[in-house]
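Please read the structure below before turning to the comments.
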Amino acid sequence: MNHTAFDHQRVQVSDGVELAVASTGSGSPVVLLHGFPQTHLMWRHVAAELAADHTVIMPDLRGYGDSDKPADTGLTYSKRTMAADVVQVARAFGHDTFALAGHDRGALVAFRTGLDHPQHVTHLASLDVLPTLDMWDVMHGTSAAVGFHLFLMAQPPGLAEQMIGATPDAFFGHFLDVWGAGPFPEDVRAEYLRASREAVTSIVADYRASATIDVEHDTVDRNAGNQLRMPVTVLQQDWGAALGFDARALWQAWAADLDHRTVSCGHFMAEEAPDVVAAAIRDLLKR
């Protein structure tokens, strides 16, 4: 399902890997990265809000949607590799610097892009995640059951792919149904299920990387005291109240110039409260 208001093209980001990229609008560039279990389509409302003043660039992450899904070598779905994809996509549109916003998995890619490529990322927004190391640190006790998928997909290759592949719509539909504040439009939900059903192996590889190579990369940065150098805005549900942590403090350790906002909508905030998300991005761009 292509959103008719978007232009669509394929961009080569590395040898043999192309990403499907949607775009709209004109002006200074803003790159938007989707989350799980979704595609660039999740940005349709926010993009419409931003397009009057900005070139809005929305790739399907490698392994998701209509982008290529290369076999995993251990580094293929590291956030470092996926961050390099983002820089290449922006470059293909003629932009060496850009603002960047990510939701869920896309926010982890955005975080790594900001750390690895600070000369390219002018502003950074993260929607409803914690950085990978902090995410693992706060998952403990029975309250961590909400993140069961993180542990399932962290297992060595084989079992998770077989289990999820046996009932993909039930698995991916679970998150679409329980993480949001209300149901998706039927055609949008069907598109997310189609895209995820066709990407089980690569989605698992993306999550597995967050329990392996991404932890290694983030640990090096944390031990070195590396921080995001650009202005950062974080929009987050109040997870801390449920899981017992101070989300603002965790983010502050990574981002000195931080605007941390707690939102009242569900996880899929770009679709549930696009005006709130678009306004936060506009505020970020003024800093």
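These numbers were taken from a predicted model, which means no experiment stands behind them. As a basis for the values below, the full set of heavy atoms in this structure was taken, side chains included, without hydrogen atoms, waters or symmetry mates.
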So does [Y] get a backbone contact from the side chain of [X], meaning a donor-acceptor N/O pair under 3.5 Å?
| X | Y | answer |
| --- | --- | --- |
| T76 | A71 | yes |
| D72 | G74 | yes |
| T167 | I164 | no |
| Q155 | L159 | no |

Requested in this report: Kindly indicate, with the supporting measurements, whether the criterion side-chain contact (heavy atoms from CB on, under 4.5 Å) is fulfilled by I281 and V46.
Outcome: CA-CA 9 Å; I281 292 173; V46 172; 4.2 Å; yes
Rounded to the nearest 0.5 Å, what separates atom [atom1] in [X] from atom [atom2] in [Y]?
| X | Y | atom1 | atom2 | result |
| --- | --- | --- | --- | --- |
| I57 | D7 | CD1 | CG | 11.5 Å |
| H174 | D169 | NE2 | CG | 14.5 Å |
| D128 | C265 | CG | SG | 8.0 Å |
| T132 | F111 | OG1 | CZ | 7.0 Å |
| L50 | L285 | CG | CG | 8.0 Å |
| S126 | H260 | OG | NE2 | 8.5 Å |

Which heavy atom of [X] sits nearest to which heavy atom of [Y], and what is that distance?
| X | Y | answer |
| --- | --- | --- |
| V56 | A47 | CG1-CB, 3.9 Å |
| L108 | S210 | CD1-OG, 4.1 Å |
| A255 | Q227 | N-NE2, 4.0 Å |
| D60 | G65 | OD2-CA, 3.5 Å |
| G63 | Y77 | CA-CE2, 3.7 Å |
| L115 | L228 | N-CD2, 3.7 Å |

Report task. Please test D68 against R10 for salt bridge (charged side-chain N to carboxylate O under 4.0 Å, His left out), starting from the C-alpha separation and ending with a verdict. Result -> CA-CA 10 Å; D68 287 350; R10 296 188 69 80; 2.9 Å; yes
**Report entry** M135, CE: over 12 other non-hydrogen atoms inside 6.0 angstrom
**Finding:** yes
Query raised in the report: For Q119, does the CD atom sit with more than 12 other heavy atoms under 6.0 Å from it, leaving out its own atoms?
Result: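 Buried by this count: over 12 neighbours within 6.0 Å.
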Requested in this report: For E18 and V11, run side-chain contact (heavy atoms from CB on, under 4.5 Å): C-alpha distance rounded to whole Å, both residues' side-chain angles, the deciding distance at 0.1 Å, then the answer.
Outcome: CA-CA 5 Å; E18 293 184 349; V11 173; over 6 Å; no
Query - Chi angles and distances behind the salt bridge (charged side-chain N to carboxylate O under 4.0 Å, His left out) call for R80, D214 - result: CA-CA 8 Å; R80 174 156 288 161; D214 294 343; over 6 Å; no
**Report entry** Aromatic ring pairing F268/W179, orientation class (parallel under 30°, perpendicular over 60°, tilted between)
**Finding:**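 Geometry flag for W179 against F268: tilted rings.
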Report task. Anything under 30° is parallel, anything over 60° is perpendicular, the rest tilted; go ahead and classify H120 against F98. Result ->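 Judged by the thresholds at 30° and 60°, the geometry between H120 and F98 is parallel.
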Does the distance from a Lys or Arg side-chain N to an Asp or Glu carboxylate O, for [X] and [Y], drop under 4.0 Å?
| X | Y | result |
| --- | --- | --- |
| E49 | R282 | no |
| R222 | D137 | yes |
| D221 | R112 | yes |
| R208 | E161 | yes |
| D283 | R261 | yes |
| R194 | D66 | yes |

Got [X] and [Y] here, is their nearest side-chain heavy-atom distance under 4.5 Å?
| X | Y | answer |
| --- | --- | --- |
| V121 | R229 | no |
| P59 | V31 | yes |
| Y192 | F172 | no |
| M58 | V21 | no |
| V263 | Q236 | no |
| Y64 | T39 | no |
| T55 | V30 | no |
| V86 | V109 | yes |

**Report entry** L61/L19 under side-chain contact (heavy atoms from CB on, under 4.5 Å): CA gap, chis, key distance, verdict
**Finding:** CA-CA 7 Å; L61 299 171; L19 302 191; over 6 Å; no
Query - Matching residue for D206 among K79, R62, K69 - test: salt bridge (Lys or Arg N to Asp or Glu O under 4.0 Å) - result: K79
Report task. Determine, step by step, whether F151 and W136 satisfy the ring pair (Phe, Tyr, Trp, His ring centres under 6.0 Å) criterion, reporting the C-alpha distance in whole Å, the side-chain angles of both residues, the deciding distance to 0.1 Å, and the verdict. Result -> CA-CA 10 Å; F151 297 94; W136 288 117; 5.4 Å; yes
Does [X] belong to the same Ile/Leu/Val/Met/Phe/Trp/Tyr cluster as [Y], with side-chain heavy atoms less than 4.5 Å apart forming each link?
| X | Y | answer |
| --- | --- | --- |
| V129 | L284 | no |
| V87 | L32 | yes |
| V215 | V220 | no |
| L150 | V146 | no |

Query raised in the report: Only one of H34, H267, H40 forms a ring pair (Phe, Tyr, Trp, His ring centres under 6.0 Å) with H103, so which one is it?
Result: H267
Report task. Please test F184 against Q38 for side-chain contact (heavy atoms from CB on, under 4.5 Å), starting from the C-alpha separation and ending with a verdict. Result -> CA-CA 12 Å; F184 286 92; Q38 298 178 286; 4.0 Å; yes
Query - Fellow cluster residues of I213, listed by chain then number, with links counted only when side-chain atoms sit under 4.5 Å apart - result: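 L75, all in the cluster of I213.
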Query raised in the report: What's the verdict on side-chain hydrogen bond (donor to acceptor under 3.5 Å, both in side chains) for T233 and R287, showing C-alpha distance, side-chain angles and the deciding distance?
Result: CA-CA 10 Å; T233 291; R287 283 160 55 198; 2.8 Å; yes
Query raised in the report: Can W251 and D134 be counted as having a side-chain donor-acceptor contact under 3.5 angstrom?
Result: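 Judged by distance alone, the side chains do not pair up.
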Query raised in the report: Does the side-chain hydrogen bond (donor to acceptor under 3.5 Å, both in side chains) test come out yes or no for Q12 and Q88, once each step is laid out?
Result: CA-CA 8 Å; Q12 183 170 334; Q88 290 300 319; over 6 Å; no
Query raised in the report: Regarding R197 and the six-membered ring of F171, is the cationic atom NZ or CZ under 6.0 Å from the ring centre and inside 45° of its axis?
Result: no
